[in-house]
Amino acid sequence: MEDIGRNLETVREQIAQAAEGCGRKAEDITLCAVSKTRTPEEINVAIDHGVTDIGENKVQEIMDKFDSVKPVRWHMIGHLQTNKVKYIIDKVDMIHSVDSLKLAKEINKRAAAKDLTMDILLQVNSAQEESKFGISLEETEGLINDILEQCENVRIRGLMCVAPKADDPEDIKIYFTEVKEQFDQFGKIEHPRLDFQYLSMGMSHDFPVAIEAGSNLVRVGSAIFGERDYSKQTGNR
Ligand SMILES: *Cc1c(COP(=O)(O)O)cnc(C)c1O
């Protein structure tokens, strides 16, 4: 097992440094430990070292691990198919990867059936990026309005993005900055079910730059748990 405790200490130091470097506080940044391919035992070690939020990108992994992991906040951060929402609706605390009205409506329906309100983030793409997932910044406002109108059991808490890969993370700072500008703009919308508090951006290789650009929720996997072995990933959904 990797030295999860020591790695966490390093990541927290880097978060604090990046935050303080731009006049913010380390406590204002939520560390979401991404535990895909990791065992419940490893996740519990991270929780013993103070991790309060964990992220998974596959429904199957959440279902497999949920009962064996100590109490913690669960984040669904990966692409989510509508037919699988029902499996995680009462397990996760926030879904980061909402990129269509169809998905939001399904989340709404399942949340209503369980008499709960689900927190979601909209997964966006900045102008330059051509990616399979995420909505363009131009589409974001329309989707926000549709969700507020049609999804009474959904609360929009902010935006999420996955930056393109870059050799030098500084190269993608502009990308993060664009998303931050949208976050500030849409956060001004006044509505009882819109409460922008989370800007989810930054992964192991780019979280310091993302924080400098305004991120307040970083999703860090390999820097905490070590390199991933995908042959250990269960299921395919
Ligand atoms: C895997 C994953 C992460 C974490 O990636 P690392 O590079 O291991 O930090 C963050 N966000 C999403 C959406 C992921 O799928």
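No hydrogens, no waters, no symmetry mates; every other heavy atom, side chains included, goes into these values. Counting convention: from 1, in listed order, for ligands and their atoms alike.
- Ring pair W74/F66 is tilted by interplanar angle, where 30° to 60° counts as tilted.
- With sequence neighbours left out, D28 forms a side-chain hydrogen bond (donor to acceptor under 3.5 Å, both in side chains) with no residue at all.
- Contacts of K109 classified as side chain to side chain contact (heavy atoms under 4.5 Å, CB included), with partners at least two apart in sequence or in another chain: E106.
- Remark: K70 pairs with N44, I47, D48 by the side chain to side chain contact (heavy atoms under 4.5 Å, CB included) rule, at least two apart or across chains.
- For the salt bridge (Lys or Arg N to Asp or Glu O under 4.0 Å) test with E56, the passing option among K36, R73, K65, R219 is K65; the others fail.
- Taking the side chain as every heavy atom from C-beta outward, L159 and F196 approach each other to under 4.5 Å.
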Quick one: ligand 1 N/O to protein N/O pairs below 3.5 Å?
| unit_1 | atom_1 | unit_2 | atom_2 | d |
| --- | --- | --- | --- | --- |
| ligand 1 | 8 (O) | S222 | N | 2.8 |
| ligand 1 | 8 (O) | S222 | OG | 2.9 |
| ligand 1 | 8 (O) | R228 | NH1 | 2.7 |
| ligand 1 | 8 (O) | R228 | NH2 | 3.0 |
| ligand 1 | 9 (O) | S204 | N | 2.9 |
| ligand 1 | 9 (O) | S204 | OG | 2.5 |
| ligand 1 | 9 (O) | G221 | N | 2.8 |
| ligand 1 | 11 (N) | R219 | NE | 2.9 |
| ligand 1 | 15 (O) | K36 | NZ | 2.6 |

